[in-house]
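Reminder, nothing fancy here: chain letters follow the sequence lines and each chain counts from 1. Since the model is a prediction, treat every value here as computed from it, not as a measurement.
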Amino acid sequence: MSADRPEARDPLAAPAALSAPVTLPEALAGAEPVESVCTPIRMAYTYTPGRALSRYLRAMADKRILGERCGATGQVFVPPRGVSPLAGAATSEVVELADTGYVESFNITRVPIERRPDLKPPYCSAWIVLDGASVGFLGLVINLAPEEVRIGMRVRAVWKPDEELETSAANILGWEPTGEPDEVITDYERIGRIEASDP
Amino acid sequence: MGAERTAVIGVGQTKYAAARRDVSIAGLLREAAYRALEMAERTWSDVDAVIIGKAPDFFEGVMMPEVYLAEALGAVGKPIMRVHTAGSVGGSTACVAASMVQSRVHRCVLTIGWEKQSESNAMWALSLPQPFATSVNAGAGGYFSPIIRRYMMMTGAPELIGCMVAHKDRRQALLNPYAHLHQHDLTFEQVVDSPMLWDPIRYSETCPSSDGACAMVLVDEASGDAHDGPVAWVHGTAMRSESNNYGGRNMVSPAASEQCADDVFAQAGIVDRRAEIDAVEMYVPFSWYEPMWLESLGFASVGEGWRMVESGATALDGGDLPVNCSGGVLSSNPIGASGMIRFAEAALQVMGAAGDRQVDGARRAMGHAYGGGAQYFAMWIVGSGKP
Amino acid sequence: MIDVAVVAFTQRQEAAISGESEVEFMVPLMEQAKASVGLTQSDMGFTCSGSSDFLAGQAFSFVMTIDGTGPVPPISESHVEQDGAWALYEAWVKIQCGGIDTAFVYGYGKSSPGSLRDVLATQMDPYYVCPLWPDSYAVEALAARLMLEGGHVSERRLAEIAARSRASAASNPHAVRSEPKSVDEILAEEHVLDPLRPSDLPAEADGGCAVVLAAGDRARELCERPAWIRGMDHRGDAHTLGVRDLTSSMSARLAAQHAGVADDKVDLAELYGPFTTSEHLLIEALGLDEDGTAINPSGGALAAHTMMASGLIRIGEAASRIWRGDGDRAVAHATSGPCLQQNLVCVLEGD
């Protein structure tokens, strides 16, 4: 076995089959090569959120947060997708959740995002586990310097003014500290709760 | 009758770069494919089937690109398949290609993973506006940094472990002519001082966005035996997937990662993982994932992964378990190829064909890839000898 | 080769499933397929699915749907960005590697949120063809004109195929277009994409399907009369339309040869021909005898075209007819790409 053979030649040299020069017709001899063309693609889609998300979004307009429960395990998912991954089955019950919870983990983002010009870095995005839910979801921690956010910190939803409410998750502007004692977290590997707590 | 023993006899890679404007999508794939075929001493007509993989079609704006690529990949009149399993796809594609030979359905398979992100806008592709979702995260860093924060809390790892990984991988990339980033003068201090993007992830601890393709030629046992060039034998392949959304999920070391590793090491008959594996090509898009995966894959006990990094155990220069001698995802990231590059670099190591990034005497190596919300995993173990 | 059979199949197809997300409508199909043979996800040696991000209008769309399988604890799993028939092929190969004797396969797609004709245009060569935004149905009409003007097929023959699909679909609750029409009525339809008439085009549908595969004795335990996969192969043609002969299908012929279609008589065939022209080409390429073989007893993809699932549905439809004893030997076919570019052929037999 000649172990070094593949590296014997210049690894960046064009493969033999691709190294033959291309002969252009004379008419194209002086033409400037085209390296790229811009071909915009526009396609319109009418998305449907599905049954579970539709319920969730409608409730948002009333400043209510709906989760859905897995019939087999009791876990509560939010935002609901209509399915329990634990059971491979549809969720069995709609559950109204509190608009309070705790920060499960977070990051401090120091780069702007294209679609949220309103968000000025640095800002803190966090997984919020609502009281009554088994899993966390993403939200912004606001009304607090990002450096002061802690894992376990208790937070509550800050809603848009009533007159601006829509059927949208954007109704929650962010999550602010409640000032309550921190949730005690002992297992840093696992997220959320195996058992849903009482809201 | 068990599965057919399967051998890698050819590996081909393109130069990875932010934008490969000198080639079309097809040209990019052909560059990698020809290099793999040349190493394998094969031609297009020897190939029974083509298995390709890449991340979302929106990255290039071409739907089901195996359709358009048929002629360019010599696949007219042949089977061609397209795998897509999120970020792990390059690894999954190699596993599927191996299964085509292991099953005795085909004797010679060409497999290619690629991404040509410069032809579209990846940020656009990943965040198509949906009216019912709010966007508070910029990219994958925003998703993974809270998990990294959890790992740091859990293990008490010193803050600069991630910077050590990043500095090591960028230095090792200098030994790999195909790597995208060649930062010759990058110092550890510069890594530490690079801007914080998604605290605790710094700019220099993140992967670049690359164009590139990676190809391999896989053959059956008789063909592997008859091949007079270097050969890597497949000792095990495994894929595992899980939900990323249930209470009590281990996010730091997902069950799918641990079970995938258990499966692939069992197939390879490996008991002492750290002692019996000579090189690892691990999917580390953010530096902290090196210590996290070292623990999850069973190379280190919980909380010891960062100590391995700190001790230099994972460096090509002097470590007992060199990780990402190629420079890893942190130095080249054509997403759909990134997993296959890990698998191919592992093969090059046991072939003794890894050039300046060779681990001396490497006999068994691991290729690893993950994707989605750390929920899709693909792994293989290759050896210089037959399984 | 290890004997592998299709032992369970569920499907849903509707003109538009607007109220439910993909995972919401797939969950019952997945559960019912597994339950029909008394299995759960943890019994599955391998799982594989087929779907398309371009159809969903979202990157990584399949990540949303995997939760429907119940992937806790983790599952051995893969996904193809192709019709579910190719997912079934991958699962069949995986079983051939040994060590497992069951697999779960599904495919799904919703065309209704976007314009399928536009979406499919993005399959064309991105440098030379896609920028022209060819209507993907118009591309099929180009092939139809070549076939008609070259004398390869007549308009009456196409109308007969359309009429047969409608008649067969009448007994298929999953068909979207099943109102009977006579050949003359069809010939009296105005052309929509000259030379194609409305009845020559597929009835677009949203939906999906789920299949359970089992090997050897396990299949016999789970199913009274398993539909054994006796041969399966897939092949592709060139993409460039000017390079291919659009009046025949080389790749379908090759796949049929390798799958062994001609080894014995074929009682029924489920062909994924989205257009009447494609069904005609497939009958020729597969060498089927319409007097002895029931063609598309479900109505086929003309009666309900569910992108990313229609191929796997053909396999399920053919298998369920074997279970019921409607035939002993069936051929199922799947296609992908413009003008039948890629073709998969699967031969199924009862004991």
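For Ser52(C), the part lying under 4.5 angstrom from a heavy atom of chain B is the side chain only. Proximity to chain C (any heavy atom under 4.5 Å) is shown, for Glu258(B), by neither the backbone nor the side chain. For a residue to count as touching a neighbouring chain, one of its non-hydrogen atoms must lie under 4.5 Å from one of that chain's; by this rule Ile25(B) touches chain C with backbone and side chain alike. Contact of Met232(C) with chain B is not made at all, since no heavy-atom distance falls under 4.5 Å. With a 4.5 angstrom heavy-atom cutoff, Tyr127(C) touches chain B only via side-chain atoms. Residue Val62(B) touches chain C through both its backbone and its side chain, counting heavy-atom pairs closer than 4.5 Å. Gln342(C) touches chain B through its side chain: at least one heavy atom from C-beta onward sits under 4.5 Å away, while N, CA, C and O do not. For Val63(C), the parts sitting under 4.5 Å from any heavy atom of chain B are the backbone and the side chain alike. The contact between Tyr376(B) and chain C is made entirely by side chain atoms (from C-beta outward), counting heavy-atom distances below 4.5 Å. Contact annotation for Gln82(C): both backbone and side-chain heavy atoms come within less than 4.5 Å of a heavy atom of chain B. Looking at Leu120(C), the atoms closer than 4.5 Å to chain B (heavy atoms on both sides) sit in the backbone and in the side chain alike.
Salt-bridge check for Arg107(B) with Glu4(B): failed, with every basic side-chain N at 4.0 Å or more from each acidic carboxylate O.
Most heavy-atom pairs under 4.5 Å with chain B: of the set Ser61(C), Pro338(C), Gly337(C), Gly236(C), this distinction falls to Gly236(C). Looking only at heavy-atom pairs under 4.5 Å with chain B, the residue among Leu254(C), Val129(C), Ile66(C) that has the most is Ile66(C). Among the candidates Gly372(B), Ser92(B), Ser24(B), the residue making the largest number of heavy-atom pairs closer than 4.5 Å to chain C is Ser24(B). Across Val67(B), Val76(B), Thr85(B), the residue that shares the most heavy-atom pairs under 4.5 angstrom with chain C is Val67(B). Interface summary for chain C: among Gln259(B), Met81(B), Arg249(B), the most heavy-atom pairs under 4.5 angstrom belong to Met81(B). Note: Ala86(B) leads Ala70(B), Ser88(B), Ala255(B), Ala86(B) in heavy-atom pairs under 4.5 Å with chain C. For the set Gln375(B), Lys78(B), Lys54(B), Gln102(B), the entry with the most heavy-atom pairs within less than 4.5 Å of chain C is Lys78(B). The candidate from Ile75(C), Thr47(C), Thr69(C) with the greatest count of non-hydrogen atom pairs under 4.5 Å with chain B is Ile75(C). The residue among Asn245(B), Asp57(B), Val101(B), Val83(B) with the most heavy atom pairs within less than 4.5 Å of chain C is Asp57(B).
Asp118(C) and Trp133(C) make their closest contact through O-CZ3, 3.4 Å (heavy atoms, listed as atom of the first residue, atom of the second, distance). Closest approach of Met64(B) and Arg82(B) over heavy atoms only: CA-NH1, 4.2 Å. When all heavy atoms are compared, the tightest approach of Gln267(B) to Gly236(B) is OE1-CA, 3.2 Å. For the residue pair Trp114(B) and Ala213(B), the shortest heavy atom distance occurs at CB-CB, 3.7 Å. Shown here for Cys95(B) and Ala378(B), the closest heavy-atom pair between the two residues is SG-CB, 4.4 Å. The shortest heavy-atom contact between Pro134(C) and Val139(C) is CB-CG2, 3.9 Å.
Although no hydrogens or angles enter the test, the distance criterion places no donor-acceptor pair under 3.5 Å between the side chain of Lys34(C) and the main chain of Asp43(C). In this structure a side-chain-to-backbone donor-acceptor pair under 3.5 Å is present from Arg235(C) to Gly77(B). In this structure, Ser103(B) contributes its side chain and Ser99(B) its backbone to a donor-acceptor pair below 3.5 Å. Side-chain N or O atoms of Asp48(B) include none that pairs as donor or acceptor with a backbone N or O of His106(B) at under 3.5 Å.
Separation of the Tyr89(C) and Trp86(C) ring centroids does not fall under the 6.0 Å cut-off.
Below 30°, between 30° and 60°, or above 60°: for Phe58(B) and Phe54(C) the angle between ring planes is below 30°, a parallel geometry. Classified by interplanar angle (parallel below 30°, tilted 30° to 60°, perpendicular above 60°), the ring pair Phe60(C)/His84(B) is tilted.
Proximity to chain B among residues 237-246 of chain C is limited to Asp237(C), Ala238(C), His239(C), Thr240(C), judged by heavy-atom separations below 4.5 angstrom.
At least one side-chain heavy atom of Pro254(B) sits less than 4.5 Å from a side-chain heavy atom of Phe377(B).
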